[in-house]
S.K.: 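Starting off with a structure, shown below.
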Amino acid sequence: MMKTIYLLNGPNLNLLGKRQPEIYGHETLADVERDCAALARDLRLGLETFQSNHEGAIIDKIHEARDKAAGIVINPAAFTHTSVAILDALNAFDGPVIEVHISNVHKREAFRHHSYVSRRAEGVIAGLGTEGYSAALRHLAKLLD
Ligand code: DHK
């Protein structure tokens with residue numbers, strides 16, 4: 001049976017391409033999701049995409065992933081730095097998790113240097129722009145092979 005990856009994006013990423021393009025680039029979230037869907041097809045993986053500005057909605061989606069997904073790619077955006085609840089939800093998920101940040105958070109304000117989610121992630125990608133999502137998908141494909 002085809003394995004499915006959940007691609008999850010947190011708050012404000014619905015504004016990708018419009019919000020601070022000097023930091024987050026010009027690609028929209030729809031562009032990213034379309035490119036990842038094409039890559040997932042090449043990798044023979046299913047892909048479910050989800051974005052929310054609400055912490056609880058992201059947690060509910062991670063709970064859903066427990067039964068439906070083999071792995072998770074997540075950009076928790078600002079919740080990266082604040083959310084023990086998202087970490088706990090990911091700890092209740094059995095498969096591999098890759099954390100993605102579009103910007104290099106370590107080059108930015110000190111409050112972006114700490115991630116709760118990194119305690120759970122197999123790998124963390126930061127600063128590759130939206131290419132980070134495809135790198136994460138490729139790596140998950142190898143881990144799940
Ligand atoms: C996106 C955000 O919205 C910020 O809150 C994070 C992350 C960084 C990113 O680089 O994708 O600090």
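For ligands, and for the atoms within them, numbers begin at 1 and follow the listed sequence.
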S.K.: Starting from atom 10 (O) of ligand 1, what is the nearest protein heavy atom, named by residue and atom, and what distance separates them?
M.R.: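 Nearest neighbour among protein heavy atoms for atom 10 (O) of ligand 1, to 0.1 Å: Ser103 OG, 2.6 Å.
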S.K.: Once you round to the nearest 0.5 Å, how far does CG of Asn75 lie from CD1 of Ile58?
M.R.: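 Between atom CG of Asn75 and atom CD1 of Ile58 there are 9.5 Å.
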S.K.: Parallel, tilted or perpendicular, judged at 30° and 60°: which one describes the rings of Phe111 and His81?
M.R.: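 Aromatic pair Phe111/His81 classed perpendicular.
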S.K.: Any atom of ligand 1 sitting under 4.0 Å from a heavy atom of Asn12?
M.R.: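 No, Asn12 has no heavy atom closer than 4.0 Å to ligand 1.
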S.K.: Does Asp42, at its CG atom, have more than 12 non-hydrogen atoms belonging to other residues, nucleotides or ligands within less than 6.0 Å?
M.R.: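 Atom CG in Asp42 is packed in, count exceeds 12.
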S.K.: List ligand 1 atoms under 4.0 Å from Arg19, heavy atoms only on the residue side.
M.R.: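 The list of qualifying atoms is 2 (C), 3 (O).
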S.K.: Give a yes or no on whether Glu131 atom CD has more than 12 heavy-atom contacts from other residues, nucleotides or ligands under 6.0 Å away.
M.R.: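 No, not enclosed.
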S.K.: Report yes or no: does a heavy atom of Asn75 sit under 4.0 Å from some atom of ligand 1?
M.R.: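 In this structure, Asn75 qualifies as a contact of ligand 1 - some heavy atom is under 4.0 Å.
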S.K.: Report the part of Ile102 (side chain from C-beta onward, or backbone N, CA, C, O) that has a heavy atom under 4.0 Å from ligand 1; answer both or neither where that applies.
M.R.: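 Looking at Ile102 and ligand 1, atoms from backbone and side chain both fall under 4.0 Å.
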S.K.: Donor-acceptor check, side chain of Gln51 to backbone of Gly10, threshold 3.5 angstrom: yes or no?
M.R.: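 Yes; at least one donor-acceptor contact below 3.5 Å.
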S.K.: Who's the nearest protein heavy-atom neighbour of atom 8 (C) of ligand 1, and how far?
M.R.: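 Sorting protein heavy atoms by distance from atom 8 (C) of ligand 1 puts Val105 CG1, 3.6 Å first.
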S.K.: Hey, which atoms in ligand 1 end up nearer than 4.0 Å to a heavy atom of His81?
M.R.: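 What qualifies from ligand 1 is 6 (C), 12 (O).
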S.K.: Could you identify the single nearest non-hydrogen protein atom to atom 2 (C) of ligand 1 and state the distance to 0.1 Å?
M.R.: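 Among all protein heavy atoms, the one nearest atom 2 (C) of ligand 1 is Tyr24 OH, 3.4 Å.
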S.K.: Tell me, yes or no, whether the heavy-atom count around Arg108 atom CZ, taken from other residues, nucleotides or ligands under 6.0 Å, exceeds 12.
M.R.: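 Yes, CZ of Arg108 has more than 12 neighbouring heavy atoms, counting only those of other groups under 6.0 Å.
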S.K.: What part of Arg112, side chain from CB on, backbone N/CA/C/O, both or neither, has a heavy atom under 4.0 Å from ligand 1?
M.R.: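 The part of Arg112 near ligand 1 is the side chain, not the backbone.
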S.K.: Check the pair Thr130 / Glu27 against side-chain hydrogen bond (donor to acceptor under 3.5 Å, both in side chains), numbers first and verdict last.
M.R.: CA-CA 8 Å; Thr130 50; Glu27 262 202 320; 2.5 Å; yes
